[in-house]
J.: 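This is the structure, below, for whatever I ask next.
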Amino acid sequence: MNKPIANTAWATDKSAKKVEPLESQRQAGWVYQDTPSSGVINSWMNAAHQWQVYLEQTGDEHEVELVDLRRAVASLEHRVHELTDYVQKIYRLIPKPQA
């Protein structure tokens with residue numbers, strides 16, 4: 001799935017009216033013919049945007065960590081190959097017992 005390109009920023013200005021719904025409203029949800037206020041809608045859409053921003057930032061941080069981890073693994077693999085070659089050269093120098 002490709003990253004969405006839609007701008008989700010909503011009610012980001014400090015003067016934007018945002019109203020958190022009551023806990024009872026959160027539990028019951030909207031019922032037939034309920035009309036949420038603009039403040040409640042603004043609050044909900046703003047919260048969704050804040051989560052999107054947070055998850056994008058967290059994902060970017062993890063991507064950087066993964067890139068660093070991949071580099072470290074590649075470096076370790078290279079060093080293991082070097083040491084394996086070195087051990088094989090030493091092994092060839094050790095006299096073999098004669099039967």
J.: Identify the two heavy atoms, one from Glu20 and one from Ser43, that lie closest to each other, and give their separation to 0.1 Å.
T.: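 Smallest heavy-atom distance, with atoms named: OE2-OG, 2.7 Å.
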J.: Measuring from Arg79:CZ to Thr84:OG1, what's the distance to the nearest 0.5 Å?
T.: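 The CZ atom of Arg79 sits 10.0 Å away from the OG1 atom of Thr84.
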J.: Should Met45 and Val19 be regarded as members of a common hydrophobic cluster, given that ILVMFWY residues are connected when their side-chain heavy atoms come within less than 4.5 Å of each other, either directly or indirectly?
T.: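 Met45 and Val19: separate clusters.
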J.: As an exercise, state the distance from CH2 of Trp10 to CD of Gln50, rounded to the nearest 0.5 Å.
T.: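 Going from CH2 on Trp10 over to CD on Gln50, the span is 15.0 Å.
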J.: Flag the pair Asp68 / Arg71 as yes when at least one side-chain heavy-atom distance between them is below 4.5 Å, and no otherwise.
T.: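 Yes, their side chains come closer than 4.5 Å.
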J.: With no hydrogens and no angle check, do the side chains of Glu82 and His78 hold a donor and an acceptor under 3.5 Å apart?
T.: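 The answer is yes; a qualifying pair exists.
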J.: Determine whether Gln25 and Val40 make a side-chain contact, defined as any pair of heavy atoms from C-beta on separated by less than 4.5 Å.
T.: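 A side-chain contact is absent here, since even the closest heavy-atom pair is not under 4.5 Å.
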J.: Could you state the interatomic distance from OG1 (Thr8) to CG (Asn46), rounded to the nearest 0.5 Å?
T.: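 Here the interatomic distance stands at 9.5 Å.
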J.: If you draw a 6.0 Å radius around CH2 in Trp51, do more than 12 non-hydrogen atoms from other residues or ligands fall strictly inside?
T.: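 Counting other residues, nucleotides and ligands, CH2 of Trp51 stays at 12 neighbours or fewer.
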J.: Using a 6.0 Å cut-off, check whether atom NZ of Lys89 has over 12 heavy atoms from anything other than its own residue.
T.: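 Counting neighbours around NZ of Lys89, 12 or fewer heavy atoms of other residues, nucleotides or ligands fall under 6.0 Å, so no.
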J.: Taking atom CZ of Arg26 as the centre, report whether more than 12 heavy atoms of other residues, nucleotides or ligands fall under 6.0 Å from it.
T.: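 Yes, enclosed.
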J.: Which distance, rounded to the nearest 0.5 Å, do you find between the CG of Asn42 and the OG1 of Thr12?
T.: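 It comes to 10.5 Å.
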J.: In Å, rounded to the nearest 0.5 Å, how long is the span from CG of Leu83 to OH of Tyr86?
T.: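 The distance works out to 9.5 Å.
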